[in-house]
Chemist: 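Can you read through this structure? Questions will come right after.
Only this structure's heavy atoms are used, side chains among them; waters, hydrogens and symmetry mates stay out. So you know, we letter chains A, B, ... as the sequences are listed, proteins then strands, and number each from 1.
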Amino acid sequence: MKKIAFKTLGCRLNQYETDALASRFHKGSYQLVDYNEPADVFIVNTCTVTNQSDQKSRQTIHQAVKANPDGLMLVTGCMATNHKQSLLETPGIDYVVDNDHKTSIFSLIESHFRGEHPDPEGFDEDLFSYDPAFKTFHTRSLIKIQDGCDNFCTFCIIPSVRGRAVSRPVNAILDNIREVVDHGFKEVVLTGVNIGRYDYDDVNFEQLVAKILELPGDFRLRISSIEPDGFTPHFFELFQHEKLAPHLHLCLQSGSEAILLKMRRMYTAREFRQLAEQLWDRYPDFNLTTDIIVGFPGETEKDFQDTVQMTKDLRFSHIHTFKYSVRNGTRAERMDGHLTERIKNQRSAVIRKISEENKHLYFNQMMGKPQRMLIERISADGIARGYGENYIPLRIKAKDLKRNTFVNVKPERIHDAKEMELWAKLL
Amino acid sequence: MKLRTTQDNTHELLDTRHLTESAYVLRMSRRGLQFRSGQHILLGEAGSIHNREYSVYSAEQDDYFEVLIKEVDDGLVSKQLKKLKPGSMLQLEGPLGFFTIEPGLIGNAKFLFVATGSGIAPFHSFVRSYPALNYKILHGVRYASEAYEKDTYPSEQYVLCTSQDKKGDFNGRVTSFLESNPVETDTHCYLCGNFEMIHEVFEILERQGVPPQQVHAEVYF
Ligand SMILES: Cc1cc2nc3c(=O)[nH]c(=O)nc-3n(C[C@H](O)[C@H](O)[C@H](O)COP(=O)(O)OP(=O)(O)OC[C@H]3O[C@@H](n4cnc5c(N)ncnc54)[C@H](O)[C@@H]3O)c2cc1C
Ligand code: SF4
């Protein structure tokens with residue numbers, strides 16, 4: 001039996017695609033092994049969203065090639081799409097497969113082992129025909145609902161490497177969710193590049209979510225990362241449904257109106273504030289997390305202070321902080337006022353600190369409030385860990401706990417380790 | 001950088017219409033490509049790796065595509081495209097963008113279009129695509145000679161704001177005009193052109209009580 005190892009960098013969508021590929025290879029009688037073990041095939045699913053992602057992708061590839069000179073090395077994902085030529089010229093890499101042809105990787109490897117010399121571009125372009133991801137590397141089931149993005153934010157390379165927005169048919173999504181729920185998954189996470197723009201045969205994102213919530217079975221649905229534009233009041237009502245997790249990762253990027261305009265974002269800071277307030281009016285414990293980019297070209301101290309103020313006011317319980325990094329071919333690359341690394345580092349440190357403080361505030365707010373925890377792993381010392389519906393990391397110690405089951409718990413105190421969690425007790 | 005292009009996204013340049021020394025309209029074959037007024041395309045010379053965004057200037061029902069381009073000093077693509085001769089091939093991706101009008105509002109709502117310079121392009125397309133539109137245009141330019149094809153718009157619906165000469169309908173920037181001529185709060189406002197104007201107009205409209213959901217912006221640079 002041939003051994004195959006995967007390494008994924010970057011976003012949830014990449015993770016989903018790796019999971020789906022891994023499931024396909026597992027079904028095809030390959031043995032999935034850890035990335036540090038010897039294997040016959042290595043697949044690196046790369047990311048190109050920042051300079052650091054490119055570097056990390058390259059490092060990962062080099063390490064794998066060095067550790068396993070005889071293994072077959074296939075590189076795919078956004079960096080493979082963006083830097084195809086230079087990767088093809090890199091010694092040790094056997095195949096470079098762009099995003100459009102990722103679904104055909106299993107067929108390509110099979111063809112290779114039959115002694116053929118397949119051309120990755122000779123396979124059909126297809127964004128959605130992945131196998132259901134049963135063989136995942138975690139308890140949550142990621143479900144791809146769309147790919148691509150037409151927003152063209154001025155800093156972002158994603159529309160160029162993922163292409164135009166395309167939505168997956170409604171029935172295929174519903175069938176996929178039925179399958180994974182029947183298979184035993186308890187949490188479904190919608191994924192894509194810009195899922196809020198979902199639109200298939202006049203079914204928009206909100207309508208799709210409503211349809212998913214009507215599916216039978218004991219599972220919960222997490223929307224996760226979404227752009228803050230295009231919501232109607234109906235969207236807020238959906239969160240009354242007990243299956244829909246009261247958490248959104250709403251990407252703010254900047255609290256400065258001027259910078260949002262330069263970023264070509266589709267909302268104003270004012271509208272974002274209104275949105276958060278509407279959510280909290282209805283659901284006071286709603287968990288909002290976000291992304292912030294510091295050091296965008298032309299970001300003045302005043303612009304940055306607007307971001308600081310907004311991240312404090314909106315109490316995001318987690319802020320994924322990015323230092324602006326130039327991506328070739330984007331509009332921001334051609335803008336004036338690029339900032340030094342020193343300023344970006346300083347600003348990034350300020351936002352990270354606010355993120356930590358906000359997390360403390362939010363975790364304290366949630367103390368004593370019941371959560372339905374999905375147990376993701378249980379360590380040898382009997383401590384179970386997982387997330388509540390509000391996406392708070394919880395830990396409990398009790399007898400007879402089982403992985404991938406829901407338990408009702410009450411958070412009691414903060415576990416202040418590197419990654420803050422809440423100790424809870426069973427109800 | 002890889003841009004996803006369909007195999008057949010080339011369009012023939014039919015004509016270049018020079019409006020001023022630096023502004024010109026490129027007319028190219030349409031080839032059945034659908035778009036909604038207000039959207040833009042990514043346009044470059046066929047075979048070139050460089051392209052830029054340009055709003056569609058022509059109407060949805062025209063059997064050709066047009067874009068209005070202002071040549072930028074030290075610019076790359078706006079200069080390249082100006083040199084092309086009819087019969088040259090252009091590479092086009094799109095249409096893209098969400099700077100469009102909800103069909104239900106056409107004929108039923110009031111619109112204000114605020115442009116600087118070549119930012120008039122999507123409004124030209126709106127006006128020509130939707131004859132029932134109830135609108136007013138504020139066009140900010142430096143000199144009255146930059147009032148690109150202003151005969152398209154009935155004079156009572158078009159206010160030319162000139163900042164460097166006194167030959168416009170209003171002597172000053174669009175922002176000054178708006179300060180002294182407040183906007184009714186049920187107006188749907190579309191802003192297009194340079195960043196500074198759009199940023200200032202956003203603030204003015206907010207002060208005048210126009211809800212942010214009714215304000216749409218397309219920043220060119
Ligand atoms: C969505 C969108 C739609 C657009 N539609 C149009 C359109 O319909 N017509 C049009 O002429 N342009 C339009 N633009 C601007 C256009 O995409 C290019 O930026 C412009 O043509 C300059 O490109 P370039 O390669 O010549 O200059 P570059 O080499 O890219 O840039 C040179 C410098 O010029 C600045 N600059 C860019 N545009 C202008 C301008 N108009 N006046 C002064 N300085 C400028 C840039 O910030 C940069 O610093 C649009 C931009 C966007 C984002
Ligand atoms: S919405 Fe903006 S940041 Fe997100 S993928 Fe699209 S272009 Fe990139």
Chemist: Determine the option with the most heavy-atom pairs under 4.5 angstrom with chain A, choosing from B/E206, B/H50, B/E203.
Modeler: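 Sorted descending by pairs with chain A, the first entry is B/E206.
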Chemist: Side chain, backbone, both or neither: which part of A/R265 has a non-hydrogen atom closer than 4.5 Å to chain B?
Modeler: neither
Chemist: Would you mind checking which part of A/E257 comes under 4.5 Å of any heavy atom in chain B, side chain (CB onward), backbone (N, CA, C, O), both or neither?
Modeler: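 Its backbone and side chain both get close to chain B.
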Chemist: Less than 4.5 Å to any heavy atom of chain B: does that hold for the side chain of A/M335, its backbone, both, or neither?
Modeler: neither
Chemist: Is the number of heavy atoms from other residues, nucleotides or ligands within 6.0 Å of CG (B/N108) greater than 12?
Modeler: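 Yes, the 6.0 Å shell around CG holds more than 12 heavy atoms from other groups.
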Chemist: Roughly how far, to the nearest 0.5 Å, is the NE2 atom of B/H199 from the NZ atom of A/K262?
Modeler: 8.5 Å
Chemist: Within a radius of less than 6.0 Å around CG of A/D202, do more than 12 heavy atoms belonging to other residues, nucleotides or ligands occur?
Modeler: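 No, CG of A/D202 has 12 or fewer neighbouring heavy atoms, counting only those of other groups under 6.0 Å.
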Chemist: Counting neighbours of CZ on A/R168 that are heavy atoms of other residues, nucleotides or ligands and sit closer than 6.0 Å, is the number greater than 12?
Modeler: yes
Chemist: Is B/K70 atom NZ crowded by more than 12 heavy atoms from other residues, nucleotides or ligands, each under 6.0 Å away?
Modeler: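 More than 12 within 6.0 Å, yes.
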Chemist: Can you tell me which portion of A/Q274 sits under 4.5 Å from chain B's heavy atoms? Options are side chain, backbone, both or neither.
Modeler: side chain
Chemist: Heavy-atom cut-off 4.5 Å, strictly under: side chain, backbone, both or neither for B/L96 against chain A?
Modeler: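 Answer is side chain: those atoms of B/L96 sit under 4.5 Å from chain A.
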Chemist: Count the heavy atoms belonging to other residues, nucleotides or ligands that lie under 6.0 Å from CD of B/E21, then report whether that count exceeds 12.
Modeler: no
Chemist: Are the side chains of B/F98 and A/D229 in touch, meaning some heavy atoms are under 4.5 Å apart?
Modeler: no
Chemist: So what's closer than 4.5 Å to chain A heavy atoms on B/E196: side chain, backbone, both or neither?
Modeler: neither
Chemist: Just verifying a value: how many Å separate A/R270 CZ and B/Q213 CD, rounded to the nearest 0.5 Å?
Modeler: 11.0 Å
Chemist: Taking the side chain as C-beta and beyond, is there a heavy-atom pair between B/R52 and A/R334 under 4.5 Å?
Modeler: yes
Chemist: Could you check if a side-chain atom of A/R264 sits within less than 4.5 angstrom of a side-chain atom of B/E53, using non-hydrogen atoms only?
Modeler: no
Chemist: Test your reading of the model: is there a side-chain donor-acceptor pair from A/R331 to the backbone of B/Y220, 3.5 Å cut-off?
Modeler: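 The answer is yes, because a donor-acceptor pair under 3.5 Å joins these two groups.
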Chemist: Is the number of heavy atoms from other residues, nucleotides or ligands under 6.0 Å of B/K136 NZ greater than 12?
Modeler: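 Not buried by this count: 12 neighbours or fewer within 6.0 Å.
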